[in-house]
Amino acid sequence: MIYNAETNLADVMKGKQNKIVSMILKADLLATTLYGSIRTAETAWALADIGVGIMVWLNLIAILILAKPALILITLKDYREQRKQGIDPVFSPGKLGIQNADYWDEEYQHDQDKENVS
């Protein structure tokens with residue numbers, strides 16, 4: 001459990017190690033474990049329900065933000081046109097007016113170029 005927490009902390013802090021923050025995290029985990037061992041299961045389930053509820057709301061917000069590019073009918077139309085032409089469909093965000101799709105513009109094309117060479 002401590003390993004997972006420290007790994008997540010390192011990810012949040014972008015790899016920088018801060019001993020004070022790490023000690024606070026360990027103390028918090030110890031206090032949480034102690035608290036959980038002396039409280040009733042009802043409290044644990046209530047906290048779990050709150051945690052799941054927060055996670056659901058965050059996921060719903062992310063889906064709403066990300067749904068627009070995924071549901072653009074132009075994207076589906078482009079896919080179907082490429083299939084009709086008998087070619088393997090390739091997603092091109094620039095052609096469809098989708099901005100900030102850096103992976104697809106650069107990395108994906110670079111990966112495809114590597115595959116075509118071999």
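Along the sequence shown, residues carry numbers from 1. Not measured: the values here are computed from a predicted model. Below, each value reflects all heavy atoms present in this structure, side chains not excepted, and no hydrogens, waters or symmetry copies.
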A.B. asks: If you measure from CG on L76 to CD on E81, what distance do you get to the nearest 0.5 Å?
C.D. replies: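 That separation rounds to 10.0 Å.
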
A.B. asks: Are L30 and V21 connected into the same hydrophobic cluster when the rule is that any two of I, L, V, M, F, W, Y join if their side-chain heavy atoms are below 4.5 Å apart?
C.D. replies: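 No, no single cluster joins them.
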
A.B. asks: Please go through I20's hydrophobic cluster and name the other residues, only I, L, V, M, F, W, Y counting, with side-chain heavy atoms under 4.5 Å joining them.
C.D. replies: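 I24, which link up through side-chain heavy atoms under 4.5 Å apart, make up the rest of the cluster.
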
A.B. asks: Between S22 and L25, is any pair of side-chain heavy atoms under 4.5 Å apart?
C.D. replies: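 Counting from C-beta outward, S22 and L25 never come under 4.5 Å.
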
A.B. asks: Do any side-chain atoms of residues 42-58 form donor-acceptor pairs under 3.5 angstrom with protein atoms, and if so which ones, sequence neighbours left out?
C.D. replies:
{"from": "T43", "atom 1": "OG1", "to": "T40", "atom 2": "OG1", "distance (Å)": "3.4"}

A.B. asks: The criterion is side-chain contact (heavy atoms from CB on, under 4.5 Å); which residues satisfy it with I87, sequence neighbours excluded?
C.D. replies: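 Scan of I87 (side-chain contact (heavy atoms from CB on, under 4.5 Å), adjacent residues dropped) gives Q82, Q85.
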
